[in-house]
Every structure is written in C-alpha cells, then in structure tokens.
Engineer: 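Here it is, the structure, as structure tokens.
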Amino acid sequence: MAPPGVRLFNSASRQVEPFVPLVPGQAGIYDCGPTVYDWQTIGNLYRYIVSDVQRRTLEYLGYRVKAVMNITDVGHIVGDVDEGEDRMMLAAKREGRDPETLAHKYTEQFMDDRRKLNILEPHVMPKATEHVPEMIHLIKRLIDTGHAYVAADGVYFDIATFRGYGTRLAGELTQDLVAGARVDVNPNKRNPADFALWRAAKPGDLQVWDSPWGRGNPGWHIECSAMSMKYLGETFDIHSGGEDNLFPHHESEIAQSEAATGKPFVRYWTHVRFLKVDGGAMHKSAGNAYLLKDLESWGFEPLAFRMLVLNNKYRQPLDFTRAGLASAQNRLDRWRGIVRDAWQATGGTPIDVSPDDPRRTTFVASLTDDLNTPAALAQAEAVLDLAATGDVATKRHALEVLFDMDQVLALSLRERASDADLSAEERAALAERDDARKKGDYKRSDELRAELERRYGIRVKDTKDGTRWERVRRRGA
RNA sequence: GGCGACGUAGCCAAGUGGUAAGGCAGAGGUCUGCAAAACCUUCAUCGCGGGUUCGAUUCCCGCCGUCGCCUCCA
C-alpha cells in the first residue's frame with residue numbers, strides 16, 4: 001500500500017511539490033550535521049527539530065526512512081580570523097584539548113540535547129574524519145573528468161566546467177563573487193569563485209592527512225557529497241539544511257556531486273529559516289545565542305521549546321522570545337494536565353487507532369501540506385477537548401488518538417501520563433488524605449495535601465469526578 | 001547598495017476571492033469546604049492608499065514599517 005502523498009517545498013524549484021521518492025515507500029534523507037567545536041545553540045537545535053518533524057511525518061505515513069546526518073569534526077576556516085585558523089583549531093586552543101577530544105565532547109552534548117527534544121537518532125551518523133579516503137576518491141574523479149585542477153595550495157573545483165553553478169538553489173549568485181569584488185583573489189585559482197576540494201597543510205594544522213596531492217585537509221563541501229553518496233547512493237531523495245547552507249555549501253555540493261557522477265544529486269532540497277531572537281539576528285556577540293541548558297535554567301522544559309517550534313511553520317522565520325517560550329510551556333502544561341486527568345479517569349489505555357478516524361485524517365492533511373504543524377496542533381487540540389470533556393469511553397478514544405498523533409509531535413504525552421503512576425507509599429498517602437476529606441476532617445486533609453506536595457512533589461486537585469493529582473514541576477523565575 | 005522575507009487581536013500564529021483556525025495572556029461565570037485544575041462565555045475585519053472583481057484580508061500597483069542574508073575555505 002502506497003503511503004499518502006506528502007507535499008514539500010523544494011528549494012530547487014522554489015515551490016511546493018508532491019514528494020515522489022526514488023523507491024516507492026522509501027525515503028533517503030541526508031541532514032547537514034553540525035560542526036562539533038562548541039555547544040549547539042537553540043538556532044541549530046531548532047533546525048533539527050524541523051528535520052525531525054519531517055522524518056517523523058514520513059515514517060508516520062508509512063515510509064521506510066533512512067536518515068543520515070554527518071558530524072563535521074574537521075575544522076574549516078573562519079572568515080575574519082588569521083589565516084590558518086579554523087573552528088576546531090580555535091576551540092582546541094580555547095580549551096587546551098586536541099580536536100578529537102573536543103569533537104567527542106560536543107557531539108555527546110549535541111546528542112544529549114537532541115534526546116531532550118525528542119529528536120530521533122539518525123540511522124547513520126558518519127564523521128568527516130573517518131571518510132577522508134572517500135573524499136579523496138571523489139576528488140580524484142573530479143580531476144579525472146576535468147572538473148578540478150591541482151594548484152600550488154590545494155585542489156580546486158573549476159566552476160567554469162559546471163553550468164549553472166550557484167543558481168540551482170540560490171537563484172542569484174554571484175556577479176560580485178565571480179568578479180572577485182568582495183574577496184581577495186587567490187592567484188592560484190583559475191576563477192575567483194572556484195572552491196577548495198583539498199587544501200595543502202599549513203604550519204600548525206592539527207588535522208592533516210596524506211593525499212595524492214601531499215599532506216593537507218579536505219575542503220568543507222566535499223565531505224557532505226562523499227558521505228551522503230556513500231550511504232544513500234549517488235542520487236537520493238531529500239537533503240535538508242539551514243538557509244545559510246544554500247550558498248555556497250549546497251550549491252557546491254551539487255556541482256561537485258553531479259560533475260563527478262553525471263547524475264542528479266538530490267531530488268528535494270529542504271531548508272529551514274533562521275531562528276531570530278527578540279526580533280533580530282542571533283549572535284554570540286549579542287549574547288542571545290542561547291543554549292538549551294539556558295532555557296532549562298530559566299525553568300522551562302526542553303519540550304516546551306519543541307512546542308514553540310511546532311506552533312510555527314518552518315518556512316516562516318521563528319522569532320524566539322522568552323514570553324513566547326512561556327506561552328508554549330503553559331500550553332504544554334495544559335495538554336499534560338488534560339492527558340493526565342483523562343488517563344487517571346480511564347485507568348490508562350492501549351494505543352490502537354483506527355486509521356480512518358476523522359480527526360486523524362485532518363491531522364494528516366495538515367502535515368502533508370508541507371508540514372503545517374500549527375494546523376496540526378489545532379487538530380490535536382480538538383481531540384484534547386474530547387479528552388477533557390467527554391465521557392470515559394470518549395476520553396479513552398481521545399487518548400488513543402492523541403498518543404497516535406504524538407508519534408509526530410513527540411511531546412511525550414503518553415510517557416508523561418504513565419510516568420505519573422504512584423508508588424505504594426504515595427498511593428497510601430493520597431488515600432489517607434482522601435479519607436480524611438470524606439470524613440469532613442478538612443484540617444487533617446489540608447495538612448496531608450501540603451505534606452504530599454512537600455514530600456512527594458504531588459499536587460492534589462479535587463474535582464467532581466474524584467481526586468486528581470499531578471507531579472509538580474519546578475519553575476524558575 | 002544587491003538579493004530576499006514579512007506586516008492578521010495585548011502577545012504567538014494558521015488560513016481563504018465570499019466577511020478570519022488554534023494557543024498564551026486578560027475579563028466574566030460554573031464547579032468547589034478551601035486550594036488548584038478543568039469547563040463555559042467573552043476579546044480582530046487582517047499596515048496605509050489605490051486598482052481588478054458582484055465581492056479582497058486573500059490578486060495587481062504604490063507607499064510606510066520591520067527583519068534576514070550578502071562575514072565560515074568563493
């Protein structure tokens with residue numbers, strides 16, 4: 001059975017298109033991974049939440065997805081820094097550690113943040129440093145086919161040999177660049193816009209490899225071509241990244257990949273807009289390049305950030321503000337409360353949803369419309385209303401539908417509801433308090449209520465349908 | 001300067017050629033021993049000015065405003 005159609009915005013055509021995978025029912029996705037030289041900001045994490053929704057949507061619809069995300073653990077030159085410096089090297093100096101240790105540390109932290117945000121692990125997570133032979137092989141192919149040339153300080157891709165370089169996604173390019181207007185022209189290049197495939201080692205380089213062109217290190221773009229093609233084939237379905245990757249990174253990937261293979265490289269390019277903060281750009285120098293741990297220190301849970309992201313269409317710029325995050329947290333808290341109450345009212349429920357449930361249908365329609373998550377949230381909220389107001393059978397059904405939807409939303413609705421189970425001790429305390437209250441001993445009952453919150457972190461609520469309770473979440477200022 | 005995006009209620013945010021989803025906050029109410037939660041009700045004519053149309057928030061033009069990129073091997 002073919003999965004339902006999805007429509008995705010393709011940067012290559014600049015319009016929303018039906019997604020038609022190479023192999024029916026399957027999808028190969030390559031996600032441009034981070035350079036692991038520091039903590040990842042919420043801007044980066046935002047990007048991966050969007051990728052996660054994309055992947056989860058495809059899987060929810062029945063596609064068999066192969067998800068690949070690279071780890072860039074090779075440094076690449078930073079623009080306005082002394083020559084020869086790169087990110088890994090700067091970080092290594094900063095922390096007094098070797099690049100390998102550093103990469104390991106920040107990869108772990110990144111994966112940790114991802115888990116907190118319910119971002120699924122990629123099936124394959126190739127590291128650049130472990131794929132230098134593949135890159136060298138690809139560079140050889142480019143030299144052999146006349147698309148690359150060896151110069152004094154490395155190997156360059158000759159953009160004159162690839163028609164349309166820089167216009168496949170970005171659309172504009174590069175009069176300025178070609179003319180060398182904004183950058184000093186490197187005399188070793190045939191064309192100022194030629195990009196490096198391999199760089200000759202310079203004194204002080206911490207990461208160098210042997211190659212047919214001497215010791216050196218690979219260019220930035222070549223790693224993604226080499227690794228994506230290795231794990232997904234020379235043509236694959238989806239390549240995603242941030243809008244900052246459009247040019248030069250992805251344009252260069254297209255050029256070098258298609259020049260080498262003579263085949264189309266990627267069928268669908270999907271790009272996420274930059275995250276803004278308080279209405280403006282996020283910059284480390286501006287002090288607003290927040291980390292997930294910052295949000296947590298303010299008393300928010302990571303999934304509140306996910307909720308905030310879901311409330312926005314990924315192709316609209318998302319403006320991160322603390323007030324917005326608080327709003328998302330409140331919204332999530334309400335969801336949690338309703339789910340928890342319904343869970344307690346129904347005694348839990350198995351997940352078993354009819355695929356043609358009408359609520360599910362509209363939910364799917366929202367997602368397949370280029371991942372319209374705000375609309376999907378509204379659909380889920382219609383079901384939430386049933387969970388809040390329906391009779392027991394309705395609540396049970398609503399929970400089933402919500403948990404089903406949560407396979408895409410990934411807000412841990414079920415986990416949090418069932419996690420709320422009581423220990424025997426807590427159960428006894430709760431029963432004792434109930435007992436006192438029924439007898440009209442409000443003094444004792446109130447004491448026990450305070451006790452429950454203080455000792456167990458359990459807040460008691462008396463409703464007309466019986467006593468409900470919840471775990472108290474600590475909330476900072 | 002070049003390229004691009006956006007401007008919907010206090011805030012966030014969908015959407016459509018036929019008078020605008022959802023959420024947060026607020027207000028009123030129900031329930032309740034108290035508390036908390038939940039629930040109910042309430043809260044916009046879509047930046048401004050033209051045009052096209054039977055009809056525009058949705059299409060076109062102009063203006064105003066806000067923002068992003070053009071600083072990661074070019």
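In what follows, chains carry the letters A, B, and so on, assigned in the order in which the sequence lines appear, proteins first and then strands, with residues in each chain numbered from 1.
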Engineer: Around A:K127, counting heavy atoms of other residues, nucleotides and ligands shown, do more than 12 lie under 6.0 Å from its NZ?
Structural biologist: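 Open: at most 12 neighbouring heavy atoms sit under 6.0 Å from NZ of A:K127.
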
Engineer: Quickly work out the A:L377 CG to B:C24 C1' distance and round it to whole Å.
Structural biologist: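 Taking CG of A:L377 and C1' of B:C24, I get 13 Å after rounding.
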
Engineer: Compare side-chain N and O positions of A:K313 against OP1 and OP2 of B:G15 and report whether any pair is under 4.0 Å apart.
Structural biologist: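 A:K313 to B:G15 OP1/OP2: side-chain N or O found under 4.0 Å.
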
Engineer: On RNA chain B, nearest-nucleotide positions of A:P218 versus A:G337: which is more 5'?
Structural biologist: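 Comparing both residues, the 5'-ward one is A:G337.
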
Engineer: If each of A:R273 and A:D341 is mapped to the nucleotide of RNA chain B with the nearest heavy atom, which maps nearer the 5' terminus, i.e. the 5' end?
Structural biologist: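 Nearest nucleotide further toward 5': that of A:R273.
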
Engineer: B:G23 P sits how many Å from A:Q379 CD, rounded?
Structural biologist: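 These atoms are roughly 12 Å apart.
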
Engineer: Reckon A:G440 touches a base, only the sugar-phosphate, or nothing at all at heavy-atom distances under 4.0 Å?
Structural biologist: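 Touches nothing.
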
Engineer: Of the candidate nucleotides B:C24, B:A14, B:G68, which contains the atom at the shortest distance from the side chain of A:P374?
Structural biologist: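 From the listed options, B:A14 comes nearest.
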
Engineer: Look at all strands and tell whether A:L308 reaches a base, only sugar-phosphate, or nothing, counting heavy atoms closer than 4.0 Å.
Structural biologist: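 Here A:L308 touches no strand at all.
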
Engineer: Got A:R190 and A:D194 here, is their nearest side-chain heavy-atom distance under 4.5 Å?
Structural biologist: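 In contact.
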
Engineer: Does A:R334 place a side-chain N or O at less than 4.0 Å from the phosphate oxygens OP1/OP2 of B:C24?
Structural biologist: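 It does, given that an N or O in the side chain of A:R334 lies less than 4.0 Å from OP1 or OP2 of B:C24.
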
Engineer: If you look at every strand shown and take non-hydrogen atoms under 4.0 Å, does A:Y442 touch a base, only sugar-phosphate, or nothing?
Structural biologist: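 The residue A:Y442 makes base contact.
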
Engineer: Do A:D73 and A:Y106 get their side chains close enough for a donor-acceptor pair, meaning under 3.5 Å?
Structural biologist: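 Distance-only check fails for A:D73 and A:Y106.
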
Engineer: Could you state the atom-to-atom distance from OH of A:Y314 to C1' of B:A5 in whole Å?
Structural biologist: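 Spelled out: OH on A:Y314 to C1' on B:A5 is 15 Å.
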
Engineer: Please report the distance, rounded to the nearest Å, between CH2 in A:W335 and C1' in B:A37.
Structural biologist: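 Taking atom C1' of B:A37 as the reference, CH2 of A:W335 is at 18 Å.
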
Engineer: Taking 4.0 Å as the cut-off, does a side-chain nitrogen or oxygen of A:N312 come that near to OP1 or OP2 on B:A13?
Structural biologist: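 Yes, A:N312 has a side-chain N/O under 4.0 Å of OP1/OP2 on B:A13.
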
Engineer: How many whole angstroms separate atom CZ of A:R315 from atom P of B:G4?
Structural biologist: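 Rounding to the nearest Å, CZ of A:R315 and P of B:G4 are 16 Å apart.
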
Engineer: Evaluate the ring planes of A:W298 and A:F300, with Trp represented by its six-membered ring, and classify them as parallel (under 30°), tilted (30 to 60°) or perpendicular (over 60°).
Structural biologist: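 A:W298 vs A:F300 ring planes: perpendicular.
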
Engineer: I'd like to know if A:D31 pairs up with A:R47 as an ion pair, taking the criterion as any Lys NZ or Arg NE/NH1/NH2 lying under 4.0 Å from an Asp or Glu carboxylate oxygen.
Structural biologist: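 Answer for the salt bridge query: yes.
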
Engineer: Can you tell me how far C1' in B:U45 sits from the matching atom in B:A9, rounded to whole Å?
Structural biologist: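 Taking atom C1' in both B:U45 and B:A9, they lie 11 Å apart.
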
Engineer: Without decimals, in angstroms, what is the distance between A:N372 CG and B:A14 C1'?
Structural biologist: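 Roughly 6 Å, once rounded to whole Å.
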
Engineer: For A:Q316, report the nucleic acid contact type (base, sugar-phosphate, nothing); a contact means any heavy atom under 4.0 Å.
Structural biologist: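 A:Q316: backbone/sugar contact only, no base atoms under 4.0 Å.
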
Engineer: Any side-chain N or O of A:N330 less than 4.0 Å from the OP1 or OP2 oxygen of B:G23?
Structural biologist: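 No, no such contact exists.
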
Engineer: Expressed in angstrom and rounded to an integer, what is the separation of A:R322 atom CZ from B:A25 atom P?
Structural biologist: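 Computing the A:R322:CZ to B:A25:P distance gives 17 Å.
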
Engineer: Return the value, rounded to whole Å, for the distance between atom CG of A:L318 and atom P of B:G23.
Structural biologist: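 Those two atoms, CG and P, are 19 Å apart.
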
Engineer: If you take atom types as modelled and just measure distance, does the side chain of A:D462 reach the base of B:C34 with a donor-acceptor pair under 3.5 Å?
Structural biologist: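 Indeed there is one.
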
Engineer: Taking atom C1' in both B:C31 and B:G18, what distance in whole Å separates the two?
Structural biologist: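 Each nucleotide's C1' atom is 42 Å from the other's.
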
Engineer: Could one point to a donor on the side chain of A:R449 or the base of B:A35 with an acceptor on the other under 3.5 Å away?
Structural biologist: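 Answer yes: a donor N or O sits under 3.5 Å from an acceptor.
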
Engineer: Can you tell me how far C1' in B:C43 sits from the matching atom in B:G10, rounded to whole Å?
Structural biologist: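 To the nearest whole Å, 10 Å.
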
Engineer: Out of B:A14, B:C39, B:C24, which has the shortest distance to the side chain of A:T389?
Structural biologist: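 For the A:T389 side chain, the nearest candidate turns out to be B:C39.
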
Engineer: Run through A:D52, A:N118, A:N311 and flag the one making a side chain to side chain donor-acceptor pair (under 3.5 Å) with A:R306.
Structural biologist: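 Looking at A:D52, A:N118, A:N311, the match for A:R306 under the side chain to side chain donor-acceptor pair (under 3.5 Å) is A:D52.
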
Engineer: Give the nucleotide from the list B:C69, B:G33, B:G22 with an atom nearest to the side chain of A:E381.
Structural biologist: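 Taking heavy atoms from C-beta onward, the closest nucleotide is B:G22.
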
Engineer: Is there, by distance only and without an angle test, a donor paired with an acceptor across the side chain of A:N311 and the base of B:G22 below 3.5 Å?
Structural biologist: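 Side chain to base: pair present.
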
Engineer: What's the closest nucleotide to the A:S327 side chain, out of B:C24, B:G68, B:C34?
Structural biologist: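 In terms of side-chain proximity for A:S327, the closest of B:C24, B:G68, B:C34 is B:C24.
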
Engineer: Side chain of A:A378: nearest nucleotide among B:A5, B:G68, B:A21?
Structural biologist: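 Closest nucleotide among those given: B:A21.
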
Engineer: Base, sugar-phosphate alone, or nothing: which one does A:R433 contact when heavy atoms must sit under 4.0 Å apart?
Structural biologist: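 Contact class for A:R433: base.
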
Engineer: Walk me through it: do A:E251 and A:R168 pass the test side-chain contact (heavy atoms from CB on, under 4.5 Å)?
Structural biologist: CA-CA 7 Å; A:E251 290 284 357; A:R168 297 283 293 274; 3.6 Å; yes

